[in-house]
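Working notes, beginning with the structure itself.
Because the structure is predicted, anything quoted here is derived from the model rather than measured. Basis for what follows: all heavy atoms, side chains included, without hydrogens, waters or symmetry-related copies. In each ligand, atom 1 is the first atom listed, and ligand 1 is the first ligand listed.
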Amino acid sequence: MHVKALPMRWKSGDNYCYVLTDDETSKSWLIDPAYPDDIVDYLKHENKTEITAIVNTHHHYDHAGGNGTLLKTLYRNVPVIAGKQSPFVSYTPSHQEVIQLGSNVEITALHTPCHTQDSICYFAQDKKTGQMGVFTGDTLFISGCGRFFEGTDPEMIKALGTLMKLPDKTVVYNGHEYTKSNVRFSKSVLGTQNQALNKLEEYCKTHEVTTGVFTIGDEKKFNPFVRLTDPNVKLATGVSEPTEVMAKLRSMKNNF
Ligand SMILES: [Zn+2]
């Protein structure tokens with residue numbers, strides 16, 4: 001399989017749309033194509049694949065806002081796979097439902113309610129090459145997580161726990177390029193001795209795009225939101241019970 005990341009609304013929202021393709025058949029999912037104007041040139045002229053579904057990680061406008069336009073223009077007969085609140089949704093997979101894409105790619109829908117109640121992450125595995133990737137929307141960011149707009153602290157603990165159970169080599173494709181600012185916050189919490197975080201910081205100095213590079217294994221090392229029992233995290237938050245740590249971390253990040 002291969003994944004093409006398409007930046008949208010760059011420098012104001014730093015959104016990502018993704019084209020996930022099964023190499024053998026060129027069948028593809030178009031994930032979170034929120035701003036058609038920003039990606040239509042690529043889709044019309046450079047994309048050599050066949051889009052078989054529009055897919056949303058959640059209903060927010062900056063992820064699902066392009067569905068209507070794309071259904072009217074480029075992709076008249078494709079289904080919209082998303083949570084029930086997305087505009088023009090035609091199919092909502094259940095938690096852990098597996099959907100086949102082309103010959104070799106198997107995609108597992110993972111319900112991760114918290115940022116929104118309809119948040120779904122999509123774990124893609126290429127059965128032929130062994131590649132693995134997960135599209136996390138606004139649930140998991142590189143060294144961060146989304147705000148809890150429609151959910152609770154325990155729900156985010158559960159959602160991130162679901163993602164951390166994926167194989168360590170799973171590549172993370174997140175909804176926004178927020179890594180640089182996340183790293184600043186994570187350093188303030190994890191300290192300066194976290195080697196994985198220091199490496200991520202170095203990477204950010206020379207790369208504008210960090211999606212599709214780091215893995216679930218990396219997140220376990222450099223993301224404070226999945227390290228609730230890390231002594232540095234407890235020290236920074238001043239609490240130790242995981243739900244309280246999560247609540248405090250989120251409010252610290254919101255005010256950072
Ligand atoms: Zn969102």
Side-chain angles (χ1 to χ4, degrees), residues 3 5-20 29-39 53-70 80-89 92-93 95 107 109-123 133-164 172-182 185-186 209-212 214 219 223-226 246-247 249-256:
V3 178
L6 300 172
M8 299 176 296
R9 222 172 47 133
W10 210 237
K11 297 300 165 207
S12 59
D14 297 326
N15 283 78
Y16 285 117
C17 165
Y18 295 100
V19 182
L20 164 66
W29 273 15
L30 182 61
I31 302 173
D32 286 350
Y35 299 95
D37 287 352
D38 292 357
I39 55 175
I54 293 170
V55 179
N56 298 145
T57 57
H58 61 297
H59 69 84
H60 282 161
Y61 188 82
D62 60 337
H63 295 261
N67 294 358
T69 300
L70 289 168
V80 173
I81 298 172
K84 292 192 168 62
Q85 285 177 272
S86 267
F88 304 99
V89 59
T92 298
H95 181 53
I107 300 155
L110 299 169
H111 287 207
T112 52
C114 182
H115 175 72
T116 63
Q117 282 300 311
D118 73 345
S119 290
I120 302 177
C121 297
Y122 301 93
F123 171 60
V134 64
F135 298 86
T136 61
D138 290 357
T139 295
L140 173 71
F141 295 127
I142 311 295
S143 195
C145 72
R147 289 176 187 247
F148 309 170
F149 286 125
E150 299 177 9
T152 62
D153 313 308
E155 280 181 315
M156 185 53 87
I157 292 175
K158 191 175 174 197
L160 295 178
T162 297
L163 297 175
M164 292 308 118
V172 176
Y173 298 95
N174 65 167
H176 294 266
E177 184 56 55
Y178 289 161
T179 311
K180 260 186 192 165
S181 65
N182 285 346
F185 175 72
S186 295
V209 170
T210 65
T211 195
F214 298 95
E219 292 297 327
N223 189 332
F225 291 91
V226 302
M246 179 61 92
L249 264 185
R250 189 61 253 175
S251 91
M252 285 163 65
K253 177 68 167 72
N254 291 350
N255 298 303
F256 188 69

(Q) Run the side chain to side chain contact (heavy atoms under 4.5 Å, CB included) test against Ala109 and tell me which residues pass, sequence neighbours left out. (A)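 With sequence neighbours excluded, Ala109 shows a side chain to side chain contact (heavy atoms under 4.5 Å, CB included) to Pro93, Ile120, Tyr122, given in chain and number order.
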Q) Taking the six-membered ring for Trp, are His58 and His63 parallel (under 30°), tilted (30 to 60°) or perpendicular (over 60°)? A)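 Because their plane-to-plane angle lies in the 30° to 60° range, the rings of His58 and His63 count as tilted.
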Q | For Phe148, ring pair (Phe, Tyr, Trp, His ring centres under 6.0 Å) partners two or more places apart | A |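 Counting only residues at least two positions away or on another chain, Phe148 forms no ring pair (Phe, Tyr, Trp, His ring centres under 6.0 Å).
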Q: Please identify each residue that fulfils salt bridge (charged side-chain N to carboxylate O under 4.0 Å, His left out) with Lys84, with sequence neighbours left out.
A: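 Lys84 satisfies salt bridge (charged side-chain N to carboxylate O under 4.0 Å, His left out) with no residue once adjacent residues are dropped.
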Q | Flag for Asn174-Thr136: side-chain donor and acceptor within less than 3.5 Å | A |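 No, because no side-chain N or O of Thr136 sits under 3.5 Å from a partner of the opposite role on Asn174.
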Q) Under 3.5 Å, is there a donor-acceptor pair linking the side chains of Glu177 and Thr210? A)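 Indeed, the side chains of Glu177 and Thr210 share at least one donor-acceptor pair under 3.5 Å.
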Q: Enumerate the protein N/O/S atoms at a distance below 2.8 Å from the Zn ion (ligand 1), ignoring waters.
A: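 Near the Zn ion (ligand 1), below 2.8 Å, one finds His58 NE2, His60 ND1, His115 NE2, Asp138 OD2.
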